[in-house]
Amino acid sequence: MNPRPRVAVGCLECANLVVAPQREHETSELREQFIAVLGHDLRNPLASISAGVRILDRTVQTEKERQVIAMMQTTVMRMAGLIDDVLDLARGRLGGGIRLNLDFGKPLEPVLMGVVDELRLASPGRIIQAEFNIERPVNCDGQRLGQMLSNLVGNALTHGSSSKPVIVHAETRERVFELWVSNAGQPIAQAAMDKLFEPFFRGNAHASRQGLGLGLYIASQIAKAHGGELTVSSTSEETKFTFTMPLSAEA
């Protein structure tokens, strides 16, 4: 009976050391290809559709046509948001994290108010109260903080009580910038609290309003990129998401 061939353990370890960098390189290339597809092959066709809808909007003649155009515009905006969410997921999980364009000294309040105004138009039956007291410059990426605010308010509108206002508050104090969003409604279950900032977690939202479940995950990644923190508290009276960061954060 022939003895089984022996394989030196050291040789296997050497082989693994050689294969591991190759796999890492292949994974890196796949990552870059994935991000490129999201950033180019999906955005460009959507941009063409958006341009076509704008052209059609100039020639509408009936109320029915106007409604169809408005629906198409809303759909384009939703698709663009989904693509942005998936692209941020790819950067956050597969790349080096969410990238920031810090604009220290640029007024932040107009950016945040613009987000609130857009969401008010998109949710005409809801009340969104805004309280801003930003008296000091914030070293941040204003567009990213606007994205965070949009995600947080969108979450509050989806899960909060429709008969109570969503409250947005932002202020600078001492060396800290704070932004929070609160809503009334059912408290978040503890089991859900532990998963809120995980990607693709959608809680108990209605199927038609779930999206991809990336909003809170991306908000938490934006907070992390700014050297800050996003936390949540939830009681029978109020659910509140709070973002804090140093005014002069080195991101």
Side-chain angles (χ1 to χ4, degrees), residues 50 70 73-82 84-85 88 98 100-173 176-185 188 196-197 203 205 209-223 225-226 228-234 237-245 247 249:
S50 179
Q73 291 173 331
T74 300
T75 301
V76 167
M77 291 177 60
R78 175 171 169 75
M79 291 175 65
L82 293 175
D84 288 341
D85 283 350
D88 284 338
I98 287 180
L100 301 180
N101 294 315
L102 299 179
D103 44 20
F104 184 75
K106 185 176 181 180
L108 179 59
E109 183 172 330
V111 176
L112 301 181
M113 183 56 73
V115 171
V116 171
D117 288 340
E118 288 178 3
L119 291 171
R120 283 171 174 166
L121 289 174
S123 305
R126 304 294 296 275
I127 297 175
I128 305 174
Q129 298 177 355
E131 307 165 348
F132 296 135
N133 186 24
I134 305 175
E135 298 181 345
R136 301 181 185 183
V138 182
N139 187 25
C140 67
D141 184 328
Q143 295 304 312
R144 284 296 189 181
L145 290 193
Q147 181 184 7
M148 172 194 285
L149 178 60
S150 179
N151 289 352
L152 294 178
V153 175
N155 179 76
L157 292 171
T158 298
H159 297 279
S161 171
S162 60
S163 62
K164 301 288 186 178
V166 171
I167 301 176
V168 177
H169 180 92
E171 66 174 316
T172 53
R173 62 176 193 275
V176 175
F177 170 72
E178 180 178 272
L179 168 69
W180 55 260
V181 175
S182 70
N183 63 267
I188 302 172
L196 278 180
F197 299 120
R209 305 176 69 180
Q210 284 181 343
L212 293 175
L214 293 174
L216 293 181
Y217 167 75
I218 291 171
S220 69
Q221 293 300 301
I222 293 173
H226 280 88
E229 183 181 19
L230 180 63
T231 59
V232 58
S233 61
S234 186
E237 289 78 29
E238 176 188 64
T239 293
K240 184 176 182 180
F241 287 84
T242 303
F243 165 65
T244 56
M245 63 167 281
L247 287 177

Using every non-hydrogen atom in the two residues, find where Ala156 and Asn183 come nearest and quote the distance to one decimal.
CB-OD1, 3.5 Å

Compare all side-chain heavy atoms of Leu145 with those of Val111 and state whether any distance is below 4.5 angstrom.
no

Kindly indicate, with the supporting measurements, whether the criterion side-chain contact (heavy atoms from CB on, under 4.5 Å) is fulfilled by Phe177 and Asn139.
CA-CA 9 Å; Phe177 170 72; Asn139 187 25; over 6 Å; no

What residues form a side-chain contact (heavy atoms from CB on, under 4.5 Å) with Val115, not counting sequence neighbours?
Leu119, Leu149, Ser150

Closest approach of Leu247 to Pro137 (non-hydrogen atoms, all atoms of both residues):
CD2-O, 3.9 Å

Under 4.5 Å between any side-chain heavy atoms of Val168 and Phe132, yes or no?
yes

Write down the atom of Leu112, the atom of Ala170, and the distance for their closest heavy-atom approach.
CD1-CB, 4.1 Å

Can you tell me which residue among Asn151, Leu179, Leu152 is in a side-chain contact (heavy atoms from CB on, under 4.5 Å) with Phe241?
Leu152

Would you name the heavy atoms of Gly228 and Phe243 that are closest together and state the gap between them?
CA-CE1, 4.2 Å

When rounded to the nearest 0.5 Å, the distance separating CG of Leu108 from CD of Gln143 is 9.5 Å

Closest approach of Met148 and Ile222, non-hydrogen atoms and distance?
CE-CG2, 3.8 Å

All salt bridge (charged side-chain N to carboxylate O under 4.0 Å, His left out) counterparts of Arg120, not counting sequence neighbours:
Asp117

Measure the shortest side-chain to side-chain distance between His226 and Leu100 over non-hydrogen atoms and say whether it is less than 4.5 angstrom.
yes

side-chain hydrogen bond (donor to acceptor under 3.5 Å, both in side chains) partners of Ser234, counting only residues at least two apart:
Thr239

When rounded to the nearest 0.5 angstrom, what is the spacing between CD in Gln129 and OG in Ser182?
8.5 Å

All side-chain contact (heavy atoms from CB on, under 4.5 Å) counterparts of Glu171, not counting sequence neighbours
Asn133, His169, Arg173, Glu178

Can you list the residues that meet the side-chain hydrogen bond (donor to acceptor under 3.5 Å, both in side chains) rule with Ser50, with sequence neighbours excluded?
Arg54

With Glu237 via side-chain hydrogen bond (donor to acceptor under 3.5 Å, both in side chains) - residues at least two apart
Thr235

Shortest non-hydrogen contact from Glu135 to Thr172?
N-OG1, 3.0 Å

Holding to side-chain hydrogen bond (donor to acceptor under 3.5 Å, both in side chains), I want the full list of residues that pass it with Ser123, two or more places apart in sequence or in another chain.
none

Residues passing the side-chain contact (heavy atoms from CB on, under 4.5 Å) test with Lys106, sequence neighbours excluded, are Asp103

Could you walk me through whether Ile188 and His159 pass the side-chain contact (heavy atoms from CB on, under 4.5 Å) check?
CA-CA 9 Å; Ile188 302 172; His159 297 279; over 6 Å; no

Test side-chain contact (heavy atoms from CB on, under 4.5 Å) applied to Thr231 - qualifying residues, sequence neighbours left out
Glu229, Thr242

Are Val116 and Val153 side-chain neighbours, meaning at least one heavy-atom pair lies under 4.5 Å?
no

